Every structure is written in structure tokens, then in C-alpha cells.
Amino acid sequence: MELATIAVAVGSAARPHGRFSSPCAVSISWNNPSLSSTSRSLSTSSASRRRRLPAASAAVELREAASGGGDSVRVTETLQPGSSVKFSVEVPTSIIQECYQSTLQEYAKRFKVPGFRPGKTIPENLLINYVGPQHVQDATIEAILKHTLPQALSSVEERALEDSVRILTQFDDMRSSFSLDDVFRYDVAVDVVPEVRWLSEDKYKNLKVVVEIDEAVDAEKAAEKELQRRHKALGLLRIVADRGLQGLLDRASITDHRTDETPMELNVHLSASDGESLDDPTRYRHIIDFGVSVFIPTPFLTDSTGAISIARDLVKHELTKHMGVDAYYTRKDIAPSCRLTSELFLLTVEFTLIGDLVVLDISAESINSDGSKGEKISSAESTGFHLDTEENNNLVPGFLGSLIGIRPGETRSFPIQFPESFGQESLRGVCAQFTVVCKELFYRELPEMDDSLAGKLLPGCTTIDEVQQRILDRCKEVEKTAIEQATDNAILDQLGKLVEVDVPRALFQEQGQQLYGAKLLQLQAERKLDKDQLASLSSQRSVQAYLEDEKENITRIIKQMLAVSDIFKSENLQYSTEQLIKEVENSVAEFKQYNQDYDENNIKQQVQDVLEAAKVLEWLKENCTIEYVRR
């Protein structure tokens, strides 16, 4: 998760409402949908998990709020789950009469009753009959609520979350119980800034963080891969007419190869004298497809004379470029006993190869448990699909291997089972029958990698060494940024595990809607949504579905952001005014560049939150133990 995501959430979602200095300052939501048009409502459904508060903390407080020197409004406070406070309010008849009279006066000003000139007193019964008794009663109830809510909620005015006030009593119940001569009762609830409870006595002190760095975050490997990609882009596609789709071993002229059982350990060191049995035969595996993405020389244990000849022959070795292979080949008669003997050769080679490109029409049907054909799998169908045999990491295991040897015009049908880890959940574990038609087949012809190619590989360069160094420098910058981001994420994840927070509904809704809005903006910026799709995904139903699906993630982010805010205050961290001004100016300039509307006060607050979060992470990195582990 990005730092800015947390910081913005701290500023906009966890900010108290401010003082309820006037009735207009109170934004409420009604349980009765008929009044939703008269107030800015907040959805009453909550997707967040709520922890039940301990009985000891569910205190009940009775107090009286004075009303303009007259009778008092009686308020009973009760703590509720989800960092919410319930207020049971009793309004005396004196305030009811006052609101009733002010309502009539307002109607008298707004309506022109036949037979009465403006400013003339209209008898009460005539005015009520003209406006309608029910309208007068409803308006009086609303006047009572607006008049008494600020008083009722005064005890939490500094902690209340914006737009979280909601009337719990149904409006129909208020109507049925309303009387000018009796106490008026209603219940209202408001969410408050939650308390951050640290689960450890040390809180965030002595924090130990393990940062897992993905193997892909390696500058040298990434630089080599990028150089290969640029070289490959300069190649020419040539039509293949005299053969079928080739695999790596075929292209490398290893004609005596075979797929066999091999050890699973990628970094095992073997020699010709190794001969101890392996206790667990399951430590052997089968090579299913020919491509394993490794971009450094690796141990290659083989009894293949073709492989050995490639290692010794510079001409043959020159033909094998751009795909690293990590594999161990053993004699078939040795595998059953799980023994490695001196009959095997151990050498280190870098096996690389430019792959074919094939154009395919693909269709697939599920296979029922009885072997009969099932339904078509529309998501697996494609016409004119371009398959690059070098870029097969996203293919279903076994798919590429089933196509080796296929020629233009040929059709092949073969079964494949989707792995349990497959991205599309509905296809996990599904057995499917694929039908593939080969439309066209190409191979790449690459220019020789020498200094004459430098300027094309990277403009401004004159030698291959310069190209490699500049690409490596860029990759090191990316690697540094990725490690810093991984460190921030690991620290935030650890903080989230160290705190307990009773997440209020309003905060959950606010944070979830921000994340969903950011997701839609990203999709829109990437031009992945048209107008109709954007409208559909912006519906309340889509938003609520997202909140439910991402409940755990949203709650985790809220816990992290509140922990960050608590640390900033506890450690008295500061940032400079110059930083704030500079970042605000940069943000405003960016909004102007894209002709976007903005609120400078909101931008300032969000920038403050970003700077606070950055200061907290900086402080934690200096005061905690961080261990980096490659995965």
C-alpha cells in the first residue's frame, strides 16, 4: 500500500466533525427514506466487522442540556460497538411549543392565504388547514430535531466524525407519538474518533520487522532482462514454412534429450562423486515445459552429448540466446533408486534461446467428471492470439508443451487441468479440452549485439558497455525504490497487527469509498473503462459490493493509519513549514495542469498528513530492527 493512501485517509476519514455551533452544522441520516431528500444522508448499512465492547466500558451517562434558559433537554448516553455513542433524548413541552410556534410563523411568511394581506396575523386553525396538519406536524418535528441535536451531541462535539450523525428512531414512530402536551423522545447515534489500543506494553518501541524482497527485485537480473527485451524488439519476424513450433531443446540441436525426473532443489551443488540415496522420492519432478526464466549461468547436470557439445562449441553456443534454463538431467535407470552416480557430467552453461511466435485460434470446453463435454469456457477463447514462446509465464501449465511441433494450418486438441492457484477463481481445478488452430508461425532474426547497435538499443549511447551500464543504473534506482516501498509496507503491516481499534462505520465507509474511487480513476486514466462501464461501477450497489469484498483490507488500512497518527503525536514529530508550502504548491500546480477543480484547504490538510506519515516511517526505520529476506 502506498504511503499517500494512508496519509490521505488519516486526514479526510479520521478528522473530527468540529463544533456543532448551529443547527446547520449537523448533517444527519434518517432511517426513514422519505426524509432523505431533506438531509445529506449516509448509508445505514455497515460492512465492517464490529467488536462488542466489554460490559465495563458500556457506561451510561445522564445529563441535562440547557435550552435558551428554559427547560432542559434530558440526554442519556450509551456507548455502542463500532466506536459509536447512542443518545436517548427527551425534549420538554416548552421546547416543543417553541418549535411549533416558530414553524407556524415560518409558514405564515412563506404562504399567501386568500383573504389575508402580507403581514396580517392568520388564525392558527386557518393556517394549519391551508398548509395541512400533517405538513405542520412533520415540520415541527424537524424543527425540534434541529433545535435539540447540537445540545444533545455537545459532549462529543470534539470527537464526532463528520457526516456520522444518524437518527435511530423511525420517523413514523415520531409522528405517532408526537404531542404538544407531552415529552418528545428520540434516539440518535454518532461515530467518534476511535481509541487506539496497543496490544504490547512497549507499544511500537523495540519493533522488529522482516521485509520480504521479491526475487524479481534484482537490479542486475532486471537490467539483463531489459537489455534482452530491447535487443529482441530490434529483431525481424520471418515466416516459418518448413517446420513446426520448436521448443528450446529442439532449437539447440539437442536431439538425444528426454524429459525425466529431476531434483527439486534449485541451488543444490552436485559433483560426479555424489552417490548417496535421497530418502524422499517425491523430491524429484518432471520438466513439463521447456522454458524456465533464469538469467544467470546455472549448474546443468546432464548425460546429453548434445548439451555438452554446446558448452564446448562457441558456434552452437552463439545460437542459444535469451532464455535462461535451470535443469538437471539424470539417466532414467538411476531415477527409480534416487541415486546420482559418476556416470553423470556436471558443467555450468548459460542456455538462452530466441523463441518462436505463433498466431492461434483457441477454444475450450470444460470436461465433466464422467468424461463428457461440458460448457464452453468463454474466457479461454481467443481468435488471432499471438503467443511468444519466450513469454509463457502466464500460460496454463502444459499448454505450451502441447503445442510443440504444431504447423500452420494444423489443429490440435488436448486436455489440461487449470491449477488451483489460477487467477480466475471459477476455473481453479477445472479440467478442460482445448482446441487450437495454428494460423501462422514466425521466428525472430536478431541483429548482432555489437557497438553499432548501441544507439538503437538506448539513444545517446555509443557502446554496448554504455548501454548496459545506463540500464543497470536505472534498474538500481527502481530496485532501491521497490525496497523502500517494501520496507514501508512491512512496517505498516506490523503496526496494524500491534493495535486494536473498534472501527466506526463512518470511518469504514469513508476509507472504502476513497479506495474505490481511486481504483476507478486509475482504470479511467488507463482507458480501461468507457462511459457506460464507469456509470455502472459508480452505482451505490457496486460501491457496497466493493466495501463488502474488501472489508478485511479496508479495516487493516484504517488500523495502520490510526497507529501512524498516534505515533506522530506521542513522539512529538515535526515537519518544516517550508516542506508544507512546497508540497502544497506542487499539488496545486498538478491540479491546474490537468484542469481539475480543487480545494486548497483540503490539499493542505492532505499534504500535512502525507508529511506526518513520512516522518513516522522515517522515525520507525531509525528506531526498529529491520531484517531483509529474499523470497
Side-chain angles (χ1 to χ4, degrees), residues 215-243 245-255 257 289-300 302 304 306-327 347-359 386-394 400 440-479:
E215 191 178 30
V217 183
D218 186 304
E220 292 186 359
K221 291 182 179 179
E224 184 172 353
K225 189 174 182 179
E226 175 62 15
L227 179 60
Q228 292 171 353
R229 185 192 68 79
R230 289 170 180 264
H231 188 202
K232 177 179 172 181
L234 298 176
L236 299 176
L237 287 179
R238 302 296 189 187
I239 296 175
V240 176
D242 58 346
R243 63 170 176 83
L245 181 68
Q246 287 187 341
L248 180 146
L249 298 176
D250 297 310
R251 294 287 304 278
S253 301
I254 302 178
T255 57
H257 75 277
D289 288 321
F290 60 76
V292 181
S293 296
V294 177
F295 298 100
I296 57 175
T298 57
F300 195 94
T302 179
S304 168
I308 296 170
S309 68
I310 284 178
R312 294 173 176 171
D313 191 322
L314 295 179
V315 176
K316 289 185 178 180
H317 189 269
E318 182 64 20
L319 296 174
T320 59
K321 292 182 178 179
H322 301 292
M323 182 177 289
V325 175
D326 177 63
L347 44 129
T348 300
V349 296
E350 184 173 7
F351 243 135
T352 52
L353 184 69
I354 289 297
D356 286 342
L357 187 144
V358 61
V359 181
H386 287 63
L387 172 60
D388 189 330
T389 56
E390 289 184 66
E391 301 170 1
N392 58 75
N393 293 335
N394 295 326
L400 183 57
E440 295 178 279
L441 181 61
F442 304 91
Y443 73 93
R444 282 190 179 84
E445 185 179 274
L446 294 185
E448 185 178 354
M449 181 84 79
D450 56 25
D451 291 345
S452 64
L453 208 62
K456 295 180 180 179
L457 290 169
L458 190 62
C461 294
T462 57
T463 67
I464 293 297
D465 289 342
E466 186 182 358
V467 171
Q468 292 175 325
Q469 188 59 50
R470 287 179 59 178
I471 291 177
L472 180 59
D473 290 343
R474 290 182 185 179
C475 290
K476 284 182 176 179
E477 292 178 6
V478 173
E479 179 186 47

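Predicted, not measured: the structure shown is a model, and the values here were computed from it.
- Using a 4.5 Å heavy-atom threshold, the side chains of Leu245 and Val240 count as separate.
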Go through Asp465 and Thr463 one step at a time and tell me if the side chain to side chain donor-acceptor pair (under 3.5 Å) criterion holds. CA-CA 5 Å; Asp465 289 342; Thr463 67; 5.4 Å; no
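- With values rounded to the nearest 0.5 angstrom, Glu226 atom CD is found 10.0 Å from Gln228 atom CD.
- Leu441 places none of its side-chain heavy atoms less than 4.5 Å from the side chain of Val359.
- Distance CZ/Arg444 to CG/Leu236: 10.5 Å, rounded to 0.5 Å.
- Expressed to the nearest 0.5 Å, how far CD of Glu220 lies from SG of Cys475 amounts to 10.5 Å.
- Applying the 6.0 Å contact sphere to CD1 of Ile239 captures no more than 12 heavy atoms from other residues, nucleotides or ligands.
- Counting heavy atoms from C-beta outward, Pro447 and His231 have side chains that approach closer than 4.5 Å.
- The nearest pair of heavy atoms linking Leu472 to Ala219 is CD1-O, 3.8 Å.
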Could you go through the side-chain contact (heavy atoms from CB on, under 4.5 Å) check for Ile464 and Gln469 one step at a time? CA-CA 9 Å; Ile464 293 297; Gln469 188 59 50; over 6 Å; no
Take Ile471 and Arg230, measure what side-chain contact (heavy atoms from CB on, under 4.5 Å) needs, and give me the verdict at the end. CA-CA 11 Å; Ile471 291 177; Arg230 289 170 180 264; 3.9 Å; yes
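- Contact check for Lys225 versus Arg229: no side-chain heavy atoms found under the 4.5 Å cut-off.
- In this structure, Leu446 and Leu234 have side chains that are not in contact, with every pair of non-hydrogen atoms separated by 4.5 Å or more.
- Rounding to the nearest 0.5 Å places CG of Leu457 at 11.5 Å from CZ of Arg470.
- Atom CE of Met449 and atom CG of Leu453 lie 7.0 Å apart (nearest 0.5 Å).
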Check the pair Asp218, Lys476 against salt bridge (charged side-chain N to carboxylate O under 4.0 Å, His left out), reporting the backbone distance first and the verdict last. CA-CA 8 Å; Asp218 186 304; Lys476 284 182 176 179; over 6 Å; no
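- With a 4.5 Å cut-off on side-chain heavy atoms, Glu466 and Asp451 do not count as touching.
- You'll find the side chain of Asp356 reaches within 4.5 Å of the side chain of Arg243, heavy atoms only.
- Looking at heavy atoms from C-beta onward, Leu357 lies out of side-chain contact with Thr389 at the 4.5 angstrom threshold.
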